[in-house]
Amino acid sequence: MDKAKKHEPLFHIAKRDSLPMYKSWAIRCAAILVALIVAGIITMLLTGENPLNVYSTMVKGAFGTSRRIWSLLQSLSMLLCISLAVTPAFKMRFWNIGAEGQVLIGGLATAACMILLGDKVPNALLIVVMIAASISAAAIWALIPAFFKAKFNTNETLFTLMMNYVAIQLVSYFEMLWENPKGSSNIGIINQSTHAGWLPTIGNFDYLLNIIVVFALTIFMYIYLKYSKHGYELSVVGESENTARYIGLNVKKVIMRTMLLSGAVCGIAGLLLVGGTNHTITTTTAGGRGFTAIMVSWLAKFNPIIMILTAFLITFMQAGAGEISTVFGLNESFSDILTGIILFFIIGCEFFINYKLQFRSSHKEVK
Amino acid sequence: MAESLALELKGITKSFGSVVANKDVDLKVYKGEILSILGENGSGKTTLMNMVSGIYYPDSGEILVDGNKVIIKSPKDAFANKIGMIHQHFKLIDVFTATQNIVLGIKEGKFNIKAAEKKVSEITEKYGFNIDLNKKIYEMSVSEKQTVEIVKVLYRGADILILDEPTAVLTPQETRKLFNILRKMKKDGKSIIIITHKLHEVLDISDRVTILRKGEYVGTVETKDATEQSLTEMMMGEKIELNITREEPKNPVERLVVDNLTVIKGDGSVSLNNVNFNVYGGEILGIAGISGCGQKELLESIAGLQITTKKSSILYKPDDLGPQQLVGKTPKEIRKLGIALSFVPEDRLGMGLVGNMDIIDNMMLRSYNSVRGSFLNRKQPKSLANEIIDSLEVVTPSATTPVRRLSGGNVQKVLVGREISSEPKVLMVAYPVRGLDINSSYTIYNLLTEQKKNGTAIIFVGEDIDVLIELCDRIMVLNSGTITGIVDGRTATKEEIGLLMTKSVDREDSNG
């Protein structure tokens, strides 16, 4: 007719039924493959390097030596630990982006015990005190925004975010207070000679304790979310607060309790970081993991077991990307570009798992 | 009837995943006629019309307007073809006035509010709409909001109007008003499509009826040749009995005594004002009223979910205990005493069920805490889920399917089934058949009647006055938070109840 007449669209989007497990994983694997190809092309265009070399360097960077493997496992377990911490909160649709601060506060409490009580009480007692202090400090830190959310319905996203800055400033204040040696304005290795308050190592493996603790936490969180009443209640609150109210749940109590747990696990992460591996604390001890953890948790759809995989993926990419930037003399930003590309495809492929494209006239399914 | 075609659908098919919502549907609408689309819930009426109005795009098939093939990809395209749809859930901006909402989103030419206002008032005068155009949406009743939606569509020049269940939220009087307006539009040459499942309305208003069943086109009949029975048979594909057997309550025992119940909302407005009534075991007490008249607050007060004023008293008299004051008790305590509330909200999921959880976990919502220890036991909920699926014929792939994947009727069966399974002494149900087809509705009515026979006191809040009259022993009419009358369900008439529903508003007006 006239220009108002439109063509049939080339394709339109339709929702699909739930896909069988193997198909959805096939799509995810395909997404990673496509991501690697795209990242490879971009590498070639920007740097002129052979992408296969780049990738093999990445793998070497992550798994090249047994030291690297251990260090990868250590980073993986720390990221996983914090991911587990934020999971109950996010499952309750409580946007806890304050894990960074909660970890720091846990670490700060650990450091405080080590500095103030080191060599004054028996080491075993010191470690018990450290555990209690770090867990309760971080739990209380997390409880504050939860309390205000429950009582006054404040926005938890902003609240937890801002608590991060408070935590960072607190840490830098204590860095000045406990600086060692004088004038260095950082804390240095705490109790380097006596090792007081250092968490024990198992055999010769520095990181094994952390890995075991986090593994146990993973199992705990899986059971907590799936089989405990608490886990059930928090998912009801997350899915529908009205329903929770209707069945007589005390929503405020659930919010506060869940954030206590979330904070407590962050506290454990702080304890392991300061008491187990770093033996010092700086403002970057949490190292942005509090934010990366959110992604890990969401990618795994809040399933702690799958979280092992997603945490591994991200840790691997970070380790590998760091390696290429040193080997090929590229700067850090380039490894961020690669990580970004890969994550884009991984997150983007969820669209094809939930929807399909239907092309004009033919009813072929794509992906 | 004018014999020129306004809209024609040919072989429309649409599926969502493996669910076929429409399969090869044909439809014809002439100019100057009212066509009803009749079908059970889930028969694909709304989906079909959503394709005409640009919300969905068909997988295959053709849409013809005035005999020309058109492509409708968005509501904008629909308006370009002079098609407008009034959805069940209104799409209005609360803080805007009627006029502002009506002219919203129109980009053509220079915007001139004066000219727009003039055009809007011309439309309202032409068809006899009774509406204050400067009133803000949040101050409006449901019927006024609906009027705004209709005027909005007319303002955009629609010649084909689609109304999705327009009477679901209206009182009988408002419905009659709406129908008069629709008849005027028809005389003006507009084509009107009404989606509905109320048979008497179909017979009342439409010229022709098109019937869909399970997404497929069954047939079209002239309304003058149709009866309720013949339409039902086409809809269901079989003969069914539409009766509620209402027995006289057997030895009714006083269960609830409500005195001076007053609820004042946070903003100071009174939701319930000095409400007094009694509820007896073995009877169904119906509550009638337009939406927002306080029925929700009433039920929530009894369930312990509303803060009531100090002088309010709700006395519950169980067999085994002395009278219990419910005011001041927590929802959990009240539940334990045997008082159940199932409220089906407009979105059907918001209260009482969790959409992303499966049927088993939804069964557990009420009972998970009765198991000792800190872990869940899914054994009993699982057998309850299977029991309900069997006895209420819930259509679901399995008990582990998330509830949100079920159709509306099945969701409600799950909800009501769970509430009844706890064998409450007082069962409150609000809109249990909201949006349900005839067959499922009667399943639910029969369930309630069954409970009544067992001596349960039932409070039933419903939208359809015909059903209230057929089902309830007594009907209490609420208006603006006040009881305007309690009538006998066996003798009351529709008009009488309709009047009571609007009466107190008039009184308030005259008092200033």
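Everything numeric in this text was worked out from a predicted model, so none of it was measured. Order of the sequence lines fixes the chain letters, A, B, ..., with proteins taken first and strands second; residue numbering starts at 1 for each chain.
For A:Lys149, the NZ atom is densely surrounded, since the number of other residues' heavy atoms within 6.0 Å is greater than 12. More than 12 heavy atoms of other residues, nucleotides or ligands lie within 6.0 Å of NZ in B:Lys329, so this atom counts as buried by the packing criterion. Open room surrounds CD on B:Gln380; 12 or fewer heavy atoms of other groups in view lie less than 6.0 Å from it. Applying the 6.0 Å contact sphere to CG of A:Leu309 captures more than 12 heavy atoms from other residues, nucleotides or ligands. Atom NZ of B:Lys382 is surrounded by 12 or fewer heavy atoms from other residues, nucleotides or ligands within 6.0 Å. Taking a 6.0 Å sphere around CZ of A:Phe344, one finds it holds 12 or fewer heavy atoms contributed by other residues, nucleotides or ligands. In this structure, A:Phe215 places its CZ atom where only 12 or fewer heavy-atom neighbours from other residues, nucleotides or ligands lie under 6.0 Å away. Residue B:Glu333 qualifies as enclosed at atom CD: its count of foreign heavy atoms under 6.0 Å is above 12.
Minimum interatomic distance between B:Asn356 and A:Glu239 (heavy atoms only, all atoms of both residues): ND2-OE1, 3.0 Å. Here the shortest heavy-atom pairing between B:Pro331 and A:Gly248 reads CB-CA, 3.8 Å.
With a 4.5 Å cut-off on non-hydrogen atoms, B:Asn377 does not touch chain A at all. For B:Ser374, the part sitting under 4.5 Å from any heavy atom of chain A is the backbone (N, CA, C, O) and nothing else.
Aromatic ring centroids of B:Phe375 and A:Tyr227 lie 6.0 Å or more apart.
No donor-acceptor pair closer than 3.5 Å links the side chain of B:Lys332 to the backbone N or O of A:Asn250. Judged purely by atom type and a 3.5 angstrom limit, A:Tyr246 has no side-chain atom pairing as donor or acceptor with the backbone of B:Leu305.
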Given the rule in the side-chain contact (heavy atoms from CB on, under 4.5 Å) test, do A:Val236 and B:Leu365 qualify, once you have shown the distances and angles that lead to the verdict? CA-CA 8 Å; A:Val236 174; B:Leu365 274 172; 3.6 Å; yes

Would A:Ser235 and B:Met357 satisfy side-chain contact (heavy atoms from CB on, under 4.5 Å), going step by step from the backbone distance to the final call? CA-CA 9 Å; A:Ser235 37; B:Met357 288 185 174; 3.5 Å; yes

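Taking the side chain as every heavy atom from C-beta outward, B:Asn369 and A:Glu233 approach each other to under 4.5 Å.
Taking CZ from A:Arg245 and CD from B:Glu300, the interatomic distance works out to 5.5 Å, rounded to the nearest 0.5 Å.
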